[in-house]
Amino acid sequence: MIPQPFHDPVMVDAILRHFNLRPGSVVVDGTIGLAGHSLRFSDLIAPGGVIYGFDWDSAMLKIAQERLETKTNITVRLHNKDYRQIGDVLDADGVMADATLLDMGLNSAHLDDPSRGISFKHDAFLDMRMNTDAGETAADYLNSRSAAEIEDALFKYSDERWARAIAKKIVERRTLAPMRTTTDLVESVLAAVPVAAREKRIHPATRTFQAIRLAVTKELENLEEAVGNAADHLAPGGTIAVLTYHSGEDRATKLAFRARHNHGFTDVTRKPELPTEAEILRNPRSRSAKLRVLRRDLPDANGMASGVNAIQYPKIGVQG
Ligand SMILES: C[S@@+](CC[C@H](N)C(=O)[O-])C[C@H]1O[C@@H](n2cnc3c(N)ncnc32)[C@H](O)[C@@H]1O
């Protein structure tokens, strides 16, 4: 039995108000994670609806599969793929989406799992990769880049004011011993940021951990293109909702939506929607969330229809 971490899906009621789901709808959950949002979608699209779930982390897909297995009157297609491949998968099935969600946050399972090295709250190996089978770890990154490159990453990915001082401390520290653990990184930050300059609301290492994770996972690169590509695979009248948690992600989403507004799409949320105070109190991880929504206009003459009634799928399973 896989342990079942708790994840309270962010702004789910706001998303549902935009989605207009009904029996038979085709939903793409591009970041299915622990299926918090998809479980809510599943009740509204039954009977006959389809969920395409994507996650590049196979551990998340296993949990999503277990959670969605009880929903027998819908079809669930899970893909251990990057959400950049949503378009390829839908094209291969000849389907367009009635609703697509991209939830860019980290999920509770990642944050609470010390072995990931993502959170400064646990002493752990500095890994930070999402796909733990491939690619460079955060430790590799911090031990191999120049101070200037680390400074650029801290600035680019999290607007860190103390980027230069932190990068310098990291490089100084690794001349004594390689950077290995989250504690090594926290201590470098604390040595660089003057006590008087520390913000009370957030831990001084918060921005550094975010920036190094984004440098390792490259989550922001091509995000604008990926959001646009997912939008272009909406059925006429279909809606894409994107939840972002920092300014770089929000900017990329805004640009993808602006480029399509009045070109067959309507940018529904010209200003992003925010979680309510009540939600922030209940679910502190929603604190920095922003929701943007884009709708494909009706009618659309592209000739592709929504719906997958003609396609025979197994009811639930992970595909390639
Ligand atoms: C905030 S969680 C999603 C939580 C989900 N909405 C829920 O309610 O349970 C984001 C998920 O997206 C996945 N992810 C992040 N970037 C991805 C990418 N480029 N392609 C596929 N999955 C990605 C992460 O592994 C993580 O499981």
Side-chain angles (χ1 to χ4, degrees), residues 2-16 19 27-43 51-68 76-89 99-113 115-116 118-119 127-135 157 210 213-230 240-246 248-249 252-253 256 275 279 282-291 318-320:
I2 299 166
Q4 299 281 293
F6 177 72
H7 183 89
D8 194 357
V10 172
M11 294 186 77
V12 65
D13 293 321
I15 292 166
L16 288 175
F19 270 1
V27 182
V28 172
D29 190 339
T31 48
I32 197 163
L34 303 172
H37 289 95
S38 273
L39 280 168
R40 292 287 298 274
F41 304 153
S42 63
D43 293 330
I51 293 179
Y52 281 87
F54 292 75
D55 206 296
W56 60 7
D57 183 337
S58 56
M60 294 304 120
L61 276 185
K62 283 202 189 92
I63 297 173
Q65 179 168 12
E66 270 199 8
R67 288 193 169 160
L68 289 164
V76 180
R77 308 259 292 161
L78 299 177
H79 290 269
N80 189 197
K81 288 186 158 82
D82 194 303
Y83 55 62
R84 290 181 192 120
Q85 290 165 272
I86 289 172
D88 297 340
V89 168
T100 294
L101 172 66
L102 294 174
D103 175 3
M104 304 297 181
L106 280 174
N107 66 42
S108 327
H110 285 147
L111 284 169
D112 297 341
D113 177 356
S115 70
R116 298 271 182 170
I118 288 172
S119 170
D127 190 319
M128 295 199 185
R129 292 171 301 171
M130 290 295 145
N131 176 356
T132 47
D133 298 327
Y157 292 123
Q210 172 182 292
R213 175 173 61 79
L214 292 177
V216 167
T217 60
K218 309 247 184 321
E219 282 167 65
L220 271 188
E221 276 73 8
N222 308 320
L223 181 59
E224 186 185 336
E225 194 187 322
V227 170
N229 183 264
I240 178 167
V242 183
L243 275 172
T244 66
Y245 298 83
H246 60 83
E249 292 170 344
T253 305
E279 173 162 8
R282 194 185 68 241
N283 182 10
R285 280 171 179 156
S286 68
R287 189 181 53 207
S288 49
K290 287 186 176 157
L291 174 67
V318 179
Q319 277 83 29

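All ligand and atom numbering here is 1-based and tracks the order in the structure. These values consider heavy atoms only, across backbone and side chains, with no hydrogens, waters or symmetry-generated copies.
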**Item:** Name of the residue among Val28, Ile86, Ile32 meeting side chain to side chain contact (heavy atoms under 4.5 Å, CB included) with Tyr52
**Value:** Val28
**Message:** According to side chain to side chain donor-acceptor pair (under 3.5 Å), who are the partners of Thr217, at least two apart in sequence or on a separate chain?
**Reply:** Glu219
**Request:** Assess whether side-chain contact (heavy atoms from CB on, under 4.5 Å) is satisfied between Phe19 and Leu101, documenting all intermediate values.
**Result:** CA-CA 10 Å; Phe19 270 1; Leu101 172 66; 4.3 Å; yes
**Asked** Any Lys/Arg nitrogen of Arg282 or Asp8 sitting under 4.0 Å from an Asp/Glu carboxylate oxygen of the other?
**Response** yes
**Message:** We want to know whether Asp29 and Ser38 form a side-chain donor-acceptor pair, criterion being a heavy-atom distance below 3.5 angstrom.
**Reply:** yes
**Request:** Could you see which bit of Ala35 sits under 4.0 Å from ligand 1, with heavy atoms only: side chain, backbone, both or neither?
**Result:** backbone
**Message:** Heavy-atom pairs closer than 4.0 Å: do any link ligand 1 to the side chain of Ile32, the backbone, both, or neither?
**Reply:** backbone
**Complete:** For Gly36, the atoms of ligand 1 under 4.0 Å from one of its heavy atoms are 7 (C), 8 (O), 9 (O)
**Message:** Minimum distance, heavy atoms only, to atom 23 (C) of ligand 1: which one of Tyr245, Trp56, Phe54 is it?
**Reply:** Trp56
**Request:** Check ligand 1 against Asp57 and write out every atom of the ligand that is under 4.0 Å from a heavy-atom position of the residue.
**Result:** 25 (O)
**Closest to atom 6 (N) of ligand 1 among Arg285, Arg84, His37 (heavy-atom distance)** = His37
**Message:** Below 4.0 Å from ligand 1: does a non-hydrogen atom of Met104 turn up there or not?
**Reply:** no
**Prompt:** From Trp56 CH2 over to Asn80 CG, what is the distance, rounded to the nearest 0.5 angstrom?
**Reply:** 11.5 Å
**Prompt:** Should you measure from each heavy atom of Leu34, which atoms of ligand 1 turn up under 4.0 Å away?
**Reply:** 9 (O)
**Asked** Can you list the atoms of ligand 1 that are under 4.0 Å from a heavy atom of Met60?
**Response** 27 (O)
**Item:** Donor on one side chain, acceptor on other, Tyr83 and Asn229, under 3.5 Å
**Value:** no
